[in-house]
Amino acid sequence: MTSRISLKAAAKINLYLEITGSRVDGYHDLVMILQSIDLCDRVDIRKIGADEIQVLCTNPEVPCDRTNLAYKAAALMQDIYPEIGGMEIVIDKQIPMGAGLAGGSANAAAVFVGIDRLWDLGLTQSQLCDFAAQLGSDIPFCVFGGTALATGRGEVLSPLPDLTDLVLVICKPRQIEIATAWAYQTFRKQGLLATSQVKNQNLSSQIVAAIASGGDSAPNKIGRLLYNDLERVVLPEYPAIADLKNKLLDQECLGAMMSGSGSTVFAIAPDLDRAQQIAEAVRTDEIDVWVVKSLVRSIFDA
Ligand code: C5P
């Protein structure tokens, strides 16, 4: 019987993030387009004799206690399926934290998928996404993967046509980590919902159409339609992120935008050569840069 599994867990970017309402549960109603990208953590899960959950991570800054989303995912599954025994979860961290790339959510998604496979639970993707939604708004997408339209608080997912070979330059200011809750609460406190920049413009439908159009012109169309409401609170507070975005826009890219609540900013490049040139132009001691492609899935064998 298999006693271990090694999975890759992909980061995501937001090609679109519109806040459409505030909810009584304190969350916000969103319309998002989410995209898996080839910047992955590796998550190894091993059955152990003791009936406990141990989390280890290559990045010492990641808490490995009960607050870790991977730990929470394992604990939730043990509650629902008491036959699941103990496990050791080792996370090889490549996705930066506080980056708006859903690194922690990706790890939790890998734990849900990994436990299903290791203990042969036979769960459907929809069941895994329901469990995932109990722990965080981005985790269902991290199970789902590819390109998707997300509504509700981010957990209601519809697949969009695969975006293959979208070339991206991912830039993370090393010293800036942003708490997602702060970004949404500030958006609410500043009353920004009332001054929506895109309401009635049908912008989300336009970018969905651009994705569906496929072909060589799709990246160009998508690049012009990128949108993120959270830039309205994050960029004024963190001028370094605004500068980074402007620096990317000064390059020959097809569009640039902050991902999620930041601090990552990404650019869509016309091809890999241009992406490497853009990366060299913006990389400094303060800014980590990756050139990656879009992925059509999020959790897969390492
Ligand atoms: O669901 P998750 O724990 O990832 O969300 C982190 C925080 O982001 C929430 O506590 C909430 O403040 C904010 N949030 C929100 N509306 C959403 C998703 C997240 O206000 N749809």
Side-chain angles (χ1 to χ4, degrees), residues 9-36 41 55 62-63 65-77 91 93 95-112 128-145 148-158 176-196 198-199 204 227-235 237-238 241 257-264 298-299:
K12 63 85 183 152
I13 54 167
N14 299 74
L15 298 173
Y16 189 88
L17 191 165
E18 180 185 350
I19 302 175
T20 55
S22 43
R23 301 160 44 125
V24 284
D25 60 9
Y27 282 79
H28 292 81
D29 280 317
L30 306 174
V31 176
M32 297 193 286
I33 296 172
L34 299 164
Q35 175 63 55
S36 302
D41 288 343
V55 177
V62 174
D65 58 9
R66 287 164 191 271
T67 62
N68 188 299
L69 275 176
Y71 184 103
K72 288 185 185 179
L76 179 67
M77 291 300 270
I91 302 166
K93 202 112 221 42
I95 307 170
M97 296 190 299
L101 296 173
S105 297
N107 299 159
V111 170
F112 284 119
L128 289 169
C129 285
D130 285 347
F131 295 146
Q134 294 179 37
L135 293 188
S137 311
D138 280 342
I139 310 176
F141 173 74
C142 291
V143 170
F144 199 80
L149 180 70
T151 56
R153 60 184 175 87
E155 86 288 20
V156 182
L157 299 168
S158 315
I176 308 178
E177 289 182 12
I178 295 182
T180 305
W182 167 83
Y184 281 101
Q185 277 157 23
T186 308
F187 189 92
R188 186 185 285 231
K189 273 192 218 139
Q190 292 184 355
L192 294 179
L193 204 52
T195 59
S196 171
V198 292
K199 211 169 173 197
S204 61
Y227 183 76
N228 184 346
D229 257 333
L230 290 175
E231 284 196 342
R232 300 169 68 198
V233 289
V234 176
L235 298 193
E237 186 72 20
Y238 295 93
I241 303 177
M257 187 61 52
M258 187 177 81
S259 181
S261 53
S263 59
T264 296
S298 51
I299 308 292

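We count residues from 1, following the sequence as given. Counting convention: from 1, in listed order, for ligands and their atoms alike.
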R66 (side chain) donor-acceptor with A75 (main chain) under 3.5 angstrom: no

Which of the ligand 1 atoms, numbered from 1, are nearer than 4.0 Å to a heavy atom of G136: 1 (O)

Y27 and ligand 1 - part of the residue with a heavy-atom distance under 4.0 Å: both

Taking atom 10 (O) of ligand 1 as the reference point, the nearest protein heavy atom with its distance: A181 CB, 4.2 Å

Protein contact to atom 4 (O) of ligand 1 [nearest heavy atom, distance to 0.1 Å]: S137 N, 3.7 Å

Test item, L30 contacting ligand 1 (heavy atom, 4.0 angstrom): yes

Closest approach of any protein heavy atom to atom 14 (N) of ligand 1, naming residue and atom: Y184 CD1, 3.5 Å

Taking atom 8 (O) of ligand 1 as the reference point, the nearest protein heavy atom with its distance: T180 CG2, 3.4 Å

Ring geometry between Y227 and Y16 (parallel below 30°, tilted from 30 to 60°, perpendicular above 60°): tilted

Any donor-acceptor pair under 3.5 Å from D29 side chain to T20 backbone: no

Test of proximity, R153 against ligand 1: N or O pairs below 3.5 Å: yes

Smallest separation among heavy atoms of K72 and L135, with atom names: C-CD1, 3.7 Å

Donor-acceptor pair, side chain of K12 and main chain of G100, under 3.5 angstrom: yes

Side-chain donor-acceptor pair present, S261, T180, cut-off under 3.5 Å: yes

Nearest-neighbour protein heavy atom for atom 16 (N) of ligand 1, which is reported as residue plus atom name and distance: H28 N, 2.9 Å

D229 side chain to I19 backbone, donor-acceptor under 3.5 Å: yes

